Amino acid sequence: MFARLPDKPDHDALEREVLERWEREETFRRLREQNAGGPRFSFVDGPVTANKSLAVHTAWGRTLKDVFQRYKALRGHHQRYQNGFDCQGLWIEVGVERELGLNSKREIEEFGLAEFARRCREKVIWSARELTAGSIRLGQWMDWGADYFTFSDTNIDYIWRFLRLMHDRGRVYLGHRSTEWCPRCGTSLSQHELSQSGVYQDRSDPSLTVRFPLVDRAGESLVIWTTTPWTLPANVAAAVHPDASYGRRENGDWVMAARYPDEAFAEALPGSELVGLRYTGPFDTLPPGAAVEHRVIGWDEVSVDEGTGIVHIAPGCGAEDFELSRVHDLPILTPVDESGRFYDDYGWLHGTSTGDAADQIVGDLAERGLLVHAGLYEHRYPHCWRCDTPLIFRISDDWFLAVDELRQPLLDANATVEWTPAYMGKRMDDWLRNMGDWNISRRRYYGLPLPFYPCGCGRLNVVGSKEELLARATAPVEDLPELRRPWVDEVRIRCDACGEEVERIAEVGDVWLDAGIVPFSTLGWQSPEYVPGGYATGAAEGLTRADLPDHAYWEAWFPADWVSEMREQIRLWFYSQLFMSVALTGRAPFTKVLGYEKMLDETGREMHGSWGNMIDAQDAFARMGADVMRWQYCAQPPDRNLLFGFGPAREIQRKLLTLWNSVGFLVQYGNVESFTPQYADLEGVGADLGPLDRWLVERVRRLVEEATDAYERWLTVDVIRAFESFVDDLSNWYIRCSRRRFWEGDETALRVLWHAVVQSLRVVSPVLPFLAEHLWQVLVREPCDDAPDSVFLAGWPGVAAPDAASLDAMADARRIVDLGRTARATAGVKLRQPLARLVVEGATPARDLVAIVRDELRVRDVELGHVEAELVVKPNLPVLGPKLGSELGTVRAALAAGEFEELGGGRFRAAGHELSADEVLVERSARDGWAIASSDGVTVALDTELDDGLEREARVYELIHQVNTMRKEAGLALTDRIALTIPAADADLLEHGEWIKAETLAVSLDASGDAPALEKA
RNA sequence: GGGCGAUUAGCUCAGUCGGUUAGAGCGCCGCUCUGAUAAGGCGGAGGCCCCUGGUUCGAGUCCAGGAUCGCCCA
């Protein structure tokens, strides 16, 4: 007996129950034990930033990770299941800063770095707990509690080792250049931080045209255009295109002539003739500008499509400008400090932010008659990825890793990686070809301390490990709870060149160093011994029982067989791992990648808390259920954005209801017959099968084949497609056509249905772990003595390849039934009206399937043969096109008009051309008394002629339907017997008395009433 | 500004090698079946296949130019 199922699943309740079961029965632990000797499947989890609770976005990736780990586990693979948290860097810091109400770096320092670090760590601990709870609720099986935390001393130690190695190879340098700078965060940003979505935003900025009076040509001026007024005080040069023509207006203003095609100029000169002219800078009224000799330089990159054709050059405020300063030996003015405020020597501007300075600068220029025009300009402008502040360009000293020597090895390594979707691999190539040196330093607090100790003697000391730091310390180190600011800053070492005491630079490292080292730090690369709990060091102490494995372990698990993250990670984690791995080992750290696109709301808009369209994960678990969420994620092709929401969820719930109802049907009729399934039936249901049974067995095999193939290609969307189509076949074909057998207690049908349902649950269990597990308990574990306790302990169904011929034969039969239904509908003949004959042409249903066709279409006979009908002949275009060329039109018109001659043997003549059988397509249209339908070369014809017998049978069907509806309304059980009275006017139906009694479970029947009536017997 | 991709029904999307009447799901309307089903089946309304040219017997599909949108890079 099976436990009864409710009418529909309560996903939330069912899932909680399954979670409790898994915990109680330690299912996951047992699975891992079961697979311990199996082949390794190495997955490395990209660390999730621990600054939030689980969001539906994060749940997408976590679902994919879980689906494939579960699939591999079902295939017997031994896996690590290590989850990871990213615990340092701006994400964490800025969030905490906000919560504490701090607004600048100065305020953080006043607050105190040790306390600030403590608050950051608390945030991480809170978030790790939240993310873990959410992930468990989602159904993700990981080795929770053995997570890696990137802020552990062990992880930092590994990065130090990497940086030391890079330094030994001469790849670490201090750069002095113009970089994108966030004035609020007070730090420069790296190229890959700029690549994150949301960085470039539309923005309205001032648009100014300004006069630079020429010294060498009195009364004349250069006119330049800028959108960043604050950079004008840093102007040192003006660039013209040497080959372009410049014109002087009557008032003495010089501009590029091509920019103003409608103007007449008093004088024209090529740009090259303007080069070298001196001019008065826009802010020579301030000391820094006054000290500079401003001149005109030539530059091929001057745009002929924008501005005035003369470009204002401020090497301290722009990357290209900075490069020009090297070529032309221009002075560099750096007008603003770390927080984007003017330095004191900028007089009345001092202390003003770049934004606030704009108005004052415009006013001042106007007063001095230098302003030609002021307006607004809409453009895409980069913003800080974390705090949304518009970025500025600023000269800064940053630490870089040189990439040029690694570029080709990186490309070679990426060529060994199999990317899904493939275009993401090309994106990586693109990036690898174009990326610049890696800016690894950030002027912040809660991050990896860079182990750089420069010495006045010129030597850069790079410390390669915590151990080395302690050994080289100039004083005993007493207080170093974590390798982190502020504690680590106190440790001074001796320069190994001159012996002077040196201290660490203040900068911390780019957060992607933390994540990139993971394939080494968590797997024990070069670790001499296996240290249980060895990962729980520094800030991670007490947070995890993760081990520090030894090098042999690393050899076994590196590289990862598979990693999966969102597309954005190409330039972030996928890149940083690849970079570090190629640097350390020359190899890619992963062999296969599954990437996926972005999540939007169900209408296609970005999800934002402030827009009210953000879906809370807890809400989603409660209202749609984790299985439905997982289905929604898995049904998504990874190369398109996912439109996630409750609307699509309802559609999925409906689909799952079909599966649920199929199981409910099995449970209901199985229980009526006291059916007991045999676990061995999963291997094969044996002989004695009817045609539908044999088909369903093959259909299951096809499902297993298709799903296996889809999992192996990392395409969950194809798993879902295969499963959906299977459930449709199961419910709307097998069960529908076999209902009578179930009423009659046909045990074979029950066994085959059980086999099919259970096999399909096994196949879909990685996607729908809760529903599959719940139904496994009901259908398998409880009734079968020898069954595994969990669907996840049962392994992968081992079945033979499907028999295509058998599947095709049923497909033919179904096509005939579909056409028959179409024909009935066209002729307006209800299914309750039996018909005498169906004639089929163009397909030969297998003999054992003819009965199915007959029952489904309710016809007495199915004949295979010629359909008597009018001919419709069409040209077979792919064949005739190349043969006839321009004559095709004529032939086609003749055929369409019916102007053709039948030559026998399927040949025709039209418009003077003889057409062979394969050059035409022949279809048929209806005659009187017949209903015809045809498609794909199959034609069916229904004889719609009725006689008394057929009409009487129709009335019997009608009566049976009516009585059974009454039974239902009267609340009778499926097995209750009745005494049935039918109207006297229907006395002629008593001819079919036994049939009526059998169909309505009537023990007596008489025709004496006015209307049908029944009574429980 | 450069690169990549897209544009097909109200919405989300398929559309194979160029081929006959351009499809699916959802939504809408009508009909229908039902002894598991809240399901299923049948039909209908709804299309400038972004535009303009070209190649071809034939273009949603291939080519060129343009428009719009998205992504990536600057």
Side-chain angles (χ1 to χ4, degrees), chain A residues 5 7-8 191 194-197 199-200 301 303-306 319-320 380 382 423-424 426-427 430-431 433-435 567-568 570-571 597-598 602-604 635-637 639-643 647-648 650-651 653-655 657-669 672 724 727-728 731-733 735-736 738-740 742-744 753 817-832 856 858 874-892 895-896 920-921 923 933 935 957 960-961 963-965 967-968 972-975 999-1001:
Chain A
L5 292 180
D7 288 345
K8 58 177 184 179
Q191 215 178 338
L194 292 170
S195 77
Q196 289 177 98
S197 66
V199 165
Y200 278 85
E301 302 295 312
S303 170
V304 297
D305 303 315
E306 209 174 44
E320 288 173 319
R380 305 263 291 166
Y423 68 85
M424 293 195 187
K426 297 207 170 68
R427 274 279 157 78
D430 229 37
W431 165 247
R433 273 191 292 265
N434 296 311
M435 70 195 173
R567 189 201 51 200
E568 204 171 62
I570 291 171
R571 280 148 211 260
E597 290 287 339
K598 211 163 44 167
E602 62 188 86
T603 66
Q636 185 58 31
D639 57 349
R640 313 194 70 100
N641 292 337
L642 165 58
L643 274 49
R650 271 189 293 278
E651 210 174 301
Q653 280 166 335
R654 229 167 37 222
K655 283 174 185 165
L657 199 58
T658 305
L659 169 69
W660 185 263
N661 285 326
S662 299
V663 177
F665 184 91
L666 168 64
V667 166
Q668 186 176 350
Y669 284 94
V672 168
E724 253 187 278
V727 169
D728 183 65
S731 169
N732 291 318
W733 191 246
I735 295 181
R736 178 195 158 82
S738 309
R739 276 173 299 188
R740 184 160 298 270
F742 291 104
W743 308 336
E744 288 162 2
L753 178 58
V817 169
D818 284 344
L819 287 170
R821 288 193 186 131
T822 305
R824 267 184 175 276
T826 321
V829 185
K830 293 181 178 186
L831 197 58
R832 262 177 231 151
E856 277 299 303
R858 204 161 276 168
K874 289 177 175 174
N876 187 3
L877 292 177
V879 179
L880 277 182
K883 181 177 166 188
L884 296 182
S886 53
E887 273 294 290
L888 181 63
T890 323
V891 172
R892 197 173 179 178
L895 288 172
V920 291
L921 303 172
E923 287 169 15
S935 85
Y957 280 113
I960 292 171
H961 173 60
V963 171
N964 280 329
T965 307
R967 282 184 61 111
K968 214 185 218 171
L972 296 186
L974 229 53
T975 47
E999 293 294 316
T1000 59
L1001 293 188

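Numbers restart at 1 for each chain; the letters A, B, ... are given by sequence-line order, proteins then strands. None of the values given here were measured: they were computed from a predicted structure.
At the heavy-atom level, A:Gly664 lies nowhere under 4.0 Å from the strands shown. Counting non-hydrogen atoms under 4.0 angstrom, A:Lys8 reaches a base of the nucleic acid. Residue A:Ser731 is classed as a base contact, given a heavy-atom separation below 4.0 Å to a base. The residue A:Pro875 sits close to a base: some heavy atom pair falls under 4.0 Å.
Nucleotides B:C62 and B:G44 have their C1' atoms positioned 36 Å apart, rounded to a whole Å. Taking the P atoms as reference points, B:C73 lies 46 Å from B:U21, given to the whole Å. Taking atom C1' in both B:A14 and B:G58, one finds a spacing of 23 Å when rounded to whole Å.
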Can you pull every protein N or O that's under 3.5 Å from an N or O on nucleotides 14-19 of chain B?
| from | atom 1 | to | atom 2 | distance (Å) |
| --- | --- | --- | --- | --- |
| B:A14 | OP1 | A:Arg640 | NH1 | 2.5 |

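With rounding to whole Å, A:Arg654 atom CZ is found 12 Å from B:G40 atom C1'. The CG-C1' distance, from A:Leu659 to B:A38, rounds to 15 Å in whole Å. Rounded to an integer number of Å, the gap from CG of A:Asp639 to C1' of B:C4 is 14 Å. If you measure from atom CG of A:Asn732 to atom C1' of B:A38, you get 14 Å, rounded to the nearest angstrom. Atom CZ in A:Arg571 sits about 12 Å away from atom C1' in B:C4, given to the nearest Å. The separation between A:Leu753 atom CG and B:U37 atom P is 15 Å, rounded to whole Å. Taking atom CG of A:Leu642 as the reference point, atom P of B:C13 lies 11 Å away to the nearest angstrom. In this structure, the CD atom of A:Glu724 is 12 Å from the C1' atom of B:A24, given to the nearest Å.
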Are A:Lys598 and A:Glu568 close enough, and set up right, to give a salt bridge (charged side-chain N to carboxylate O under 4.0 Å, His left out), and what steps lead you there? CA-CA 9 Å; A:Lys598 211 163 44 167; A:Glu568 204 171 62; over 6 Å; no
I would like to know whether A:Val663 and A:Leu5 meet side-chain contact (heavy atoms from CB on, under 4.5 Å); could you show each step before the answer? CA-CA 8 Å; A:Val663 177; A:Leu5 292 180; 3.6 Å; yes
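With pairs defined as Watson-Crick or G-U wobble and both atom distances under 3.5 Å, the stems of at least three pairs that touch RNA chain B come out as B:1-7 with B:67-73, B:10-13 with B:23-26, B:28-32 with B:40-44, B:50-54 with B:62-66.
When each of B:C26, B:A36, B:A38 is scored by its nearest atom to the side-chain atoms of A:Arg736, the top-ranked nucleotide is B:A36. With distances taken from any side-chain atom of A:Lys598 to the nucleotides B:C71, B:A36, B:G35, the minimum falls on B:C71. Considering only side-chain atoms of A:Leu643, the nucleotide from B:U12, B:A38, B:A36 that sits closest is B:U12. Taking every side-chain heavy atom of A:Asn876 into account, B:U20 is the closest of B:A36, B:C72, B:U20.
Nearest-nucleotide assignment on RNA chain B puts the 5′-proximal partner with A:Leu884, out of A:Leu884 and A:Arg567. Both A:Glu320 and A:Ser662 lie close to RNA chain B; mapped to their nearest nucleotides by heavy-atom distance, the more 5′-ward contact belongs to A:Ser662.
Between the side chain of A:Ser731 and the main chain of A:Val727, no donor-acceptor pair closer than 3.5 Å is present. Side-chain atoms of A:Glu856 never come within 3.5 Å of backbone atoms of A:Val817 as a donor-acceptor pair (strictly under, hydrogens ignored). A side-chain donor-acceptor contact under 3.5 Å links A:Gln636 to the backbone of A:Asn641. Checked by atom type and distance alone, the side chain of A:Asn661 pairs as donor or acceptor with a backbone atom of A:Leu657 at under 3.5 Å.
Heavy atoms from other residues, nucleotides or ligands lying under 6.0 Å from NZ of A:Lys8 number 12 at most. Heavy-atom contacts from other residues, nucleotides or ligands closer than 6.0 Å to CZ of A:Arg650 number 12 or fewer.
An OP1 or OP2 oxygen of B:G25 is reached within less than 4.0 angstrom by no side-chain nitrogen or oxygen of A:Arg650. Contact annotation: A:Tyr423 side-chain N/O to B:G5 OP1/OP2 distance is not under 4.0 Å. Taking 4.0 angstrom as the limit, A:Trp743 places a side-chain polar atom (N or O) nearer than this to OP1 or OP2 of B:A36.
Side-chain contact between A:Thr658 and A:Lys655 is absent, with no heavy atoms from C-beta onward closer than 4.5 Å.
Applying the ring pair (Phe, Tyr, Trp, His ring centres under 6.0 Å) rule to A:Phe665 yields the partners A:Tyr669, A:Phe742; only residues at least two apart in sequence or on another chain are considered.
Partner A:Glu597 forms a salt bridge (Lys or Arg N to Asp or Glu O under 4.0 Å) with one of A:Arg427, A:Arg640, A:Arg567 and no other, that one being A:Arg567.
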